[in-house]
Amino acid sequence: MTAPTVHLDGVVVRLGERFTLAVDSLTVGPGITVVQGANGSGKSTLLRLLATVVAPDAGRITVAGRTIAAAADPADRSGRADRPAVDAALLATRRRLGYLPQHDSVPPRLRVFDHVDLVAVMRELGSDARSRRAMVHRALVAVDLDDLGAERCGRLSGGQRRRVALAAALAGGPTLLVLDEPDASLDADQIGRLTRELTERAGAATIVVATHHAAWSTTLHPTQRIQLHEGHVRRAD
Amino acid sequence: MIPDLDARLAHNLDVVMAEIDAPPRGRFERLLLRARVPEPTARLVAATPTLRLAWFVSVAVVLLFAASAGDATWDDTGRLAVLLTLAPLVPVVGVALAYGSGADRAHEVSVAAPLSGLRLVLLRTATVLGASAALTLLGVLAAPSAGWLRLAWLLPAAATTATTLAVGSRLGMRTAAGLVGTGWTVLVVVIAQASGDAAAPFRAIGQLVSLVVSVLAAVALVTSRRRLEHWDGR
């Protein structure tokens, strides 16, 4: 599966009264795209859009040329007829997607291996249990946690839990990888490991990374940078 | 071809290492596998941590009901009515605790996954319902003098659960559970007071209404499944 190109056209997301993300036109292609901006600028909302977690209130999102979200327009009756195609495209997108949310998404009671495996089941990875578990093992090796597979997540440090969540996103080699502050809580060694992992994957995947750390983002050699300011794309180059 | 061979060797090594590094499956998961439940389903049910809290609450509440209504009979309608009123709320609480962004840290990750949201919520609901129904049945068997009347909560429980799921697909499970729980309690009290019979909501007509509500709510859930399967409650 090739790295997809994601296009947002006239997309608006309203989160209550106080915040609106508005993107006139934005294309995210293969390689690494870095998203930056101050707190509350809309980075996480943009990433949740790309990860198909939040739906747009207006506009259209396409992935690999197929529409995965088109906000309902009451005047447009053709939209209803397209629904099965949109649903199929959304499902296809999720099958190639790895997502790391900004918040701690690791349940403390689960063991490390079991959590990553549970997400792998939800992501429908592997043709059978053995190949799926092999993917989980490989992902844990990638984040240097293969020796902690039997440990309960609640006993890990913040940085280790971040790496568990990262392993769940990386498992199976997704071609669309959406990572919201993956460097948060990581020490210098682990950031170096993450940098190598992402740059190695950049040739075969579309990777979107939100981060506050401009210096680290430079080491990723991004193909594109998106700067957000108060819910608007200030610069995309 | 050597690259293929290398890839296969690497894969086989990963398979072996995964079996070495992975913790053994829990007792419940092994039981499910022995009962021929498909492996991914067994994993989804057994490795979902939110269910443990839901199970715990279900178990505690149902056991409490069973103990407190030990002497309930048709003559002691007050105590029986309390049992029958509260029992359908157990799976409602379980559903609220088992699904949604407020209940599950990994909820956002599960929304972004291709697994059907409807399948996930039904799996978790079935588990909660199964646990509470089994325990209530044990309570009935332990006190046979109370007879089949303790089963009069089953159809109302199906109705409250299905309604919670149907409303929850639009408003979120916790909000739905609050609305349904309050609505159910008020309805039972009003009917009981109007008829002068505390067990009136659970007699034949009440059971029939519960059945109709269950079916209607199930239809509403299926027609609104898109909300569960697609975006996060929007």
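Ranked by heavy-atom pairs under 4.5 Å with chain B, the list A:Val119, A:Asp128, A:Asp117 is led by A:Asp117. Options B:Pro114, B:Pro24, B:Pro40 differ in how many heavy-atom pairs under 4.5 Å they form with chain A, and the most are formed by B:Pro114. Of the listed residues (A:Asp104, A:Leu148, A:Leu97), the one with the most heavy-atom contacts under 4.5 Å to chain B is A:Asp104. Listed options A:Glu151, A:Arg111, A:His115 were ranked by heavy-atom pairs under 4.5 angstrom with chain B; first place goes to A:Arg111.
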Please report the C-alpha distance between A:Arg123 and B:Leu115 in whole Å, then the side-chain angles of each, then the deciding distance to 0.1 Å, and finally whether the side chain to side chain contact (heavy atoms under 4.5 Å, CB included) criterion is met. CA-CA 6 Å; A:Arg123 290 180 53 205; B:Leu115 178 81; over 6 Å; no

Decide yes or no on salt bridge (charged side-chain N to carboxylate O under 4.0 Å, His left out) for A:Arg132 and B:Glu39, but give the supporting numbers first. CA-CA 11 Å; A:Arg132 187 191 72 230; B:Glu39 192 271 347; 2.8 Å; yes

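The main-chain N or O of B:Ala18 is never found under 3.5 Å from a side-chain atom of A:Arg133 such that the two would form a donor-acceptor pair.
The CE atom of A:Met122 sits 6.0 Å away from the CG atom of B:Leu44 when rounded to the nearest 0.5 Å. Atoms OG and NE2, on A:Ser105 and B:His107 in that order, are 12.5 Å from each other to the nearest 0.5 Å. Rounded to the nearest 0.5 angstrom, A:Gln102 CD and B:Glu108 CD are separated by 9.5 Å.
Contact of A:Ser131 with chain B is made through backbone and side chain together, with heavy-atom distances under 4.5 Å.
Residue-environment remark: CZ (B:Arg30) exceeds the threshold of 12 foreign heavy atoms within 6.0 Å. With a 6.0 Å radius and a threshold of 12 heavy atoms from other residues, nucleotides or ligands, A:Arg193 has its CZ atom above the threshold.
Contacts from residues 135-144 of chain A to chain B, taken as heavy-atom pairs separated by less than 4.5 Å, involve A:His137, A:Arg138 in sequence order.
Look at B:Arg43 and A:Asp114 and you find a salt bridge, because one of the NZ, NE, NH1 or NH2 atoms lies within 4.0 Å of a carboxylate O, short of that distance.
The two residues B:Ala112 and A:Thr52 come nearest to each other via the heavy atoms CA-OG1, 4.0 Å.
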Tabulate below the donor-acceptor pairs under 3.5 Å that side-chain atoms of residues 155-162 of chain B make, not counting sequence neighbours, or state none.
residue, atom, partner, partner atom, Å
B:Thr160, OG1, B:Pro88, O, 2.9
B:Thr160, OG1, B:Pro156, O, 3.2
B:Thr160, OG1, B:Ala157, O, 3.0
B:Thr161, OG1, B:Ala157, O, 2.6

